[in-house]
Amino acid sequence: MADSSSSSLSSLLGDDERRTSPTPYRVKPLEYEPPIDCKCNKKAAMWISWSDDNPGRRYLKCLKARDGGCDFIGWFEGPHHPFVQTLLIDLRDAVWPLKKQKASLRQAVAELVEKVEGLEDKVDELKEENARLDGFEGEKEYLEGKVERLELEKKLMRVLCAVLFVVAVFLRFG
């Protein structure tokens, strides 16, 4: 009578994945009035059909139907006007791709967040490396200063050697 599974439209489109309802399939069991009992003398659950024949139409079914309850099923309201039925089908079919796109975008965002977190970790590692290398910056400056002094001493020693050579030559030939 009521078909709350995926619509025949999905099979026509060749879409094998199970489609979800654009709105909940079921009203919470005790949130509708007036109460209607099933054959088990318990309040029946209200479901919403999203089939092409009955889009958005509410029906009642035994809450325990899947677990051995009774076979009670009945419509909560009459059929929709054809215009409303067409409108509901069009809206349902517009919602499904948007939900799929939303899921895809959420996945993309999750992947980007993961990538950003990885990059943040990399930045932290580089900052730590930079801080470690900054510790060598003072040592580098010290060593560069020492090299400059040694170069100066080397030049001074050459000049001193040259002076000593001149003095030795002068003393020898004299």
Side-chain angles (χ1 to χ4, degrees), residues 1-140:
M1 185 173 205
D3 180 15
S4 63
S5 62
S6 26
S7 75
S8 58
L9 177 65
S10 63
S11 60
L12 288 174
L13 295 174
D15 187 5
D16 292 335
E17 70 184 55
R18 183 181 170 102
R19 295 192 183 250
T20 59
S21 169
T23 62
Y25 269 114
R26 184 169 72 99
V27 175
K28 291 186 180 173
L30 302 175
E31 288 189 3
Y32 72 89
E33 293 294 331
I36 298 174
D37 290 343
C38 67
K39 295 176 185 175
C40 302
N41 290 325
K42 295 187 184 200
K43 189 171 181 179
M46 182 181 291
W47 295 81
I48 302 169
S49 170
W50 286 104
S51 67
D52 284 345
D53 294 334
N54 296 295
R57 192 168 169 205
R58 297 177 297 171
Y59 64 98
L60 301 163
K61 189 173 183 179
C62 177
L63 183 61
K64 304 277 185 184
R66 291 184 177 173
D67 300 327
C70 66
D71 61 353
F72 173 79
I73 189 166
W75 292 109
F76 186 75
E77 58 204 359
H80 294 298
H81 184 277
F83 172 77
V84 173
Q85 183 171 341
T86 303
L87 183 63
L88 285 169
I89 290 170
D90 289 346
L91 291 172
R92 175 202 65 192
D93 293 345
V95 166
W96 282 339
L98 293 173
K99 282 190 169 194
K100 190 173 186 177
Q101 182 181 20
K102 178 182 174 185
S104 174
L105 290 172
R106 281 183 186 241
Q107 178 64 32
V109 165
E111 290 170 3
L112 288 173
V113 164
E114 190 175 312
K115 198 177 226 180
V116 164
E117 288 171 352
L119 290 174
E120 287 173 344
D121 291 344
K122 194 115 177 149
V123 164
D124 290 342
E125 289 173 15
L126 290 173
K127 283 181 179 178
E128 289 173 12
E129 180 72 15
N130 192 30
R132 193 172 56 80
L133 292 176
D134 280 347
F136 292 116
E137 190 66 36
E139 190 173 325
K140 179 183 171 189

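No side-chain heavy atom of L63 sits less than 4.5 Å from a side-chain heavy atom of K42. Using a 4.5 Å cut-off on side-chain heavy atoms (C-beta onward), L88 and Q85 make no contact.
A side-chain contact (heavy atoms from CB on, under 4.5 Å) with L60 is found for exactly one of I36, I73, D37, namely I36.
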request  = Kindly determine whether H81 and L87 satisfy side-chain contact (heavy atoms from CB on, under 4.5 Å), including the steps that lead there.
outcome  = CA-CA 10 Å; H81 184 277; L87 183 63; over 6 Å; no
message = Under the criterion side-chain contact (heavy atoms from CB on, under 4.5 Å), I'd like the reasoning laid out for L98 against Q101: C-alpha separation, chi angles, the key distance, then a yes or no.
response = CA-CA 5 Å; L98 293 173; Q101 182 181 20; 3.8 Å; yes
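Atom NZ in K122 sits 11.5 Å away from atom CD in E129 (nearest 0.5 Å). Residue K100 holds its NZ atom at 13.0 Å from CG of L105, rounded to the nearest 0.5 Å. To the nearest 0.5 Å, the span separating CG on N41 from CZ on F72 amounts to 11.0 Å. A distance of 11.0 Å separates CG of L126 from CG of D121, quoted to the nearest 0.5 Å. The line from SG of C40 to CG of D71 is 9.0 Å long, rounded to the nearest 0.5 Å. Atom CD of E117 sits about 10.5 Å away from atom CG of L119, to the nearest 0.5 Å.
Formation of a donor-acceptor pair under 3.5 Å by the R57 side chain with backbone atoms of E77 is found in this model. Looking at R92, its side chain does come within 3.5 Å of a backbone N or O of W50 through a donor-acceptor pair.
Minimum interatomic distance between E33 and F76 (heavy atoms only, all atoms of both residues): O-CZ, 3.8 Å. Here the shortest heavy-atom pairing between C38 and C62 reads SG-SG, 3.8 Å.
In this pair, Y59 and W75 present their aromatic rings perpendicular. The plane angle is above 60°, beyond the 30 to 60° band.
By the side-chain contact (heavy atoms from CB on, under 4.5 Å) test, P82 is found to be paired with no residue, residues two or more places apart in sequence or in another chain being considered.
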